[in-house]
Peer 1: 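One structure, pasted below without further comment.
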Amino acid sequence: MNIFTEGLQSAFQMLRSLDPDVLSITWRTIHVSTVATFISILIGIPIGTILALTRFRGRGVLVSLINFGMGLPPVVVGLATWLMLTRYGPLGMFNLLYTPTAIIMAQAVIASPIVAGFSLAAIQSLNPKMLLQIQALGTTRFQYLMLLLWEARLGILSAVIAGFGGVISEVGASMMVGGNIRGYTRVLTTATVLEVSKGKFELATALSIILLALTFVIVSLLSFLQQRKSAFR
Amino acid sequence: MTAELSITQLKLRRSGREILDIDRFVLDSGEILAVIGPNGAGKSTLLQVLALLLVPDTGIIELNGEMIVNGNRLAARRKLAVVFQESLLLDTTVQKNIEIPLRIRGVGRTEAIRRTREWMARLGITHLSGRRARSLSGGESQRTSIARALAMQPEILLMDEPFSALDYPTRKSLLAELGDILHTTRMTTIFVTHDFSEIPALTRQVAVMFDGRIIKRGNIQDILGETAVSVRSWAPWDEDMEDGRGAG
Ligand SMILES: Nc1ncnc2c1ncn2[C@@H]1O[C@H](COP(=O)(O)OP(=O)(O)OP(=O)(O)O)[C@@H](O)[C@H]1O
Ligand SMILES: [Mg+2]
């Protein structure tokens, strides 16, 4: 209880005094996680849409792979990314290991199957006759997809929220491919782990509280977008 | 604007079963045809094939003598309008539900809004224009769905049990209104129904489907017998509809 209240106090103190270290960690976390989520949207929504609308050999295997990917342990993704980016790995020549870009890559790998899986479910749960009706309106392929995504938009936004939740809370991959370098690749989760290992529980609690508040604000914004009434006007 | 639609040697199988097997079927320009038949006869499937939404396994579909292939299917679809058995409305307002399809078909903004207003008024849903489609009653959404189809000013109108969700007075007034619209525009129309009393209000031409085939086609009197034509036998309480309309 003591630690918690002290953590709360120091969290407010750090925020009020605009502690530059904490601010930069917070900004980096926002930056890395939103970019990773954005990339996973670009990858996941098209994949989910294609899988929902087409039938081809091997589709079932792909769907199980996506579902499997939704539960990928971040540590495993981190290790795989590390192996790709390490000096002698296939992408070694880009020198990306221990950079924010490396964290973004690993997080995008974590979030893409989540976004794809939820988008797939959202589109598949539309009434199949609705799809026929949309075609009957005389839509081009592009117009068809836009109306389809519009009809599935609640589920699609849930996909985005889940993808963001997956990356903002993840620590293993960021630690492994980012290296938790102060002022460069340290994010809220890795900083918290570090402070705990140093026995600085107030600071760790403060960082966690900032992480929670940040997640809450962003998820609330997305939920507001999802739940507002007349988006098509 | 009217058009002719025809199919030749059509076969459609699903799950190893033959669902449609039609040697030759022509919907003449300006014709209004009622399609009847028992559940599972293939009426809805035929309508979807004619609406160019379902590509048959074999067979040729022609619109105004032009064979439909992948390259012209979209352009051809834009000459048709479909009212499905369920009114499948987009999750937006009534007004947008009518306006968006017009914009999709390349109608300009002002014209789309003008037509939307006109057809909402003709179907008595103007007061619902700002309502979300999801909040409508069954009959209100069916009217919206019909307004959407008519606002498109299609050359061919295809309707699958369009009145099934309507109460009797609404059905009666909508049938009368639709009869007027179809006869003034001379819009080619095919509609599926289980309620024979609807037929005389719109047409005298009937096709009977059974087991994927069209087994009879002709005048309502020849097919259903003398009594069927008299609306009195279906709606004995209603005097106005006695004569029906549509010389065919
Ligand atoms: N995708 C499909 N796979 C297998 N069978 C199908 C498929 N689509 C339709 N059928 C079958 O084809 C037959 C014709 O269906 P359709 O919906 O055209 O009948 P209908 O005449 O419209 O019946 P109703 O009066 O009940 O609306 C039915 O037996 C139906 O089960
Ligand atoms: Mg049917």
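Note on naming: letters A, B, ... go to the chains in the order of the sequence lines (proteins, then strands), and numbering restarts at 1 for each one.
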Peer 1: Verify the distance criterion only: is there a donor paired with an acceptor across the side chains of A/Gln135 and B/Arg73 at less than 3.5 Å?
Peer 2: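 On atom types as modelled, these side chains do not qualify, holding no pair under 3.5 Å.
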Peer 1: With a 4.5 angstrom heavy-atom cut-off, is it the side chain or the backbone of B/Leu89 that approaches chain A, or both, or neither?
Peer 2: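 Backbone of B/Leu89 only, per the 4.5 Å heavy-atom cut-off to chain A.
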Peer 1: Check B/Leu90 against A/Met130 and note the closest heavy-atom contact, atom names and distance.
Peer 2: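 Closest heavy-atom pair between B/Leu90 and A/Met130: CD2-CE, 3.5 Å.
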Peer 1: With respect to chain A, which residue among B/Leu54, B/Leu74, B/Val82 yields the maximal number of heavy-atom pairs within a distance under 4.5 Å?
Peer 2: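 So the answer, after comparing B/Leu54, B/Leu74, B/Val82, is B/Leu74.
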Peer 1: Hey, does A/Gln143 have a side-chain heavy atom less than 4.5 Å from the side chain of B/Arg105?
Peer 2: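 Of all side-chain heavy-atom pairs linking A/Gln143 with B/Arg105, none is under 4.5 Å.
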Peer 1: Among B/Leu102, B/Leu158, B/Leu88, which residue has the highest count of heavy-atom pairs closer than 4.5 Å to chain A?
Peer 2: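 Top count of heavy-atom pairs under 4.5 Å with chain A: B/Leu88.
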Peer 1: Might you confirm whether atom CZ of B/Arg122 has over 12 heavy atoms from other residues, nucleotides or ligands at distances under 6.0 Å?
Peer 2: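 Yes, because the 6.0 Å sphere around CZ of B/Arg122 holds more than 12 heavy atoms from other groups.
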Peer 1: Between B/Asp91 and A/Arg153, does a side chain to side chain contact (heavy atoms under 4.5 Å, CB included) hold up when you go through it step by step?
Peer 2: CA-CA 10 Å; B/Asp91 182 21; A/Arg153 68 195 179 286; 2.8 Å; yes
Peer 1: Taking atom OG of B/Ser87 and atom CD of A/Gln133, what is their separation to the nearest 0.5 Å?
Peer 2: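 That separation rounds to 9.0 Å.
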Peer 1: Are more than 12 heavy atoms, taken from residues, nucleotides or ligands other than A/Phe56, located less than 6.0 Å from that residue's CZ atom?
Peer 2: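 Count over threshold, so yes.
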Peer 1: Mind checking the OG1-CD1 spacing from A/Thr139 to B/Ile100? Nearest 0.5 Å is all I need.
Peer 2: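 One gets 12.0 Å once the value is rounded to the nearest 0.5 Å.
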Peer 1: Where on B/Glu86 is there a heavy atom nearer than 4.5 Å to chain A: the side chain, the backbone, both, or neither?
Peer 2: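 For B/Glu86, side-chain heavy atoms alone lie under 4.5 Å from chain A.
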Peer 1: Should the heavy atoms of other residues, nucleotides or ligands under 6.0 Å from CZ of A/Arg141 be counted, would the total exceed 12?
Peer 2: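 No, not enclosed.
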Peer 1: Tell me, yes or no, whether the heavy-atom count around B/His194 atom NE2, taken from other residues, nucleotides or ligands under 6.0 Å, exceeds 12.
Peer 2: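 More than 12 heavy atoms, drawn from other residues, nucleotides or ligands, come within 6.0 Å of this atom.
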Peer 1: Side chain, backbone, both or neither: which part of B/Ile104 has a heavy atom under 4.5 Å from chain A?
Peer 2: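 The answer is both parts of B/Ile104.
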Peer 1: Any side-chain to backbone donor/acceptor pair from B/Arg77 onto A/Gly138? Under 3.5 Å, distance only.
Peer 2: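 Side chain of B/Arg77 to backbone of A/Gly138, a donor-acceptor pair under 3.5 Å: no, none is there.
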Peer 1: In the structure I gave you, are the side-chain heavy atoms of B/Arg148 and A/Leu137 within less than 4.5 Å of one another anywhere?
Peer 2: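 They are in side-chain contact.
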Peer 1: Does A/Phe38, at its CZ atom, have more than 12 non-hydrogen atoms belonging to other residues, nucleotides or ligands within less than 6.0 Å?
Peer 2: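 No, the 6.0 Å shell around CZ holds no more than 12 heavy atoms from other groups.
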Peer 1: Can you confirm whether A/Phe164 is buried at CZ, in the sense that more than 12 heavy atoms of other residues, nucleotides or ligands lie under 6.0 Å from that atom?
Peer 2: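 Atom CZ in A/Phe164 is crowded, with more than 12 foreign heavy atoms closer than 6.0 Å.
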Peer 1: Check whether B/Gln48 gets within reach of chain A through its side chain, its backbone, both or neither, counting any heavy atom under 4.5 Å.
Peer 2: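 Answer is side chain: those atoms of B/Gln48 sit under 4.5 Å from chain A.
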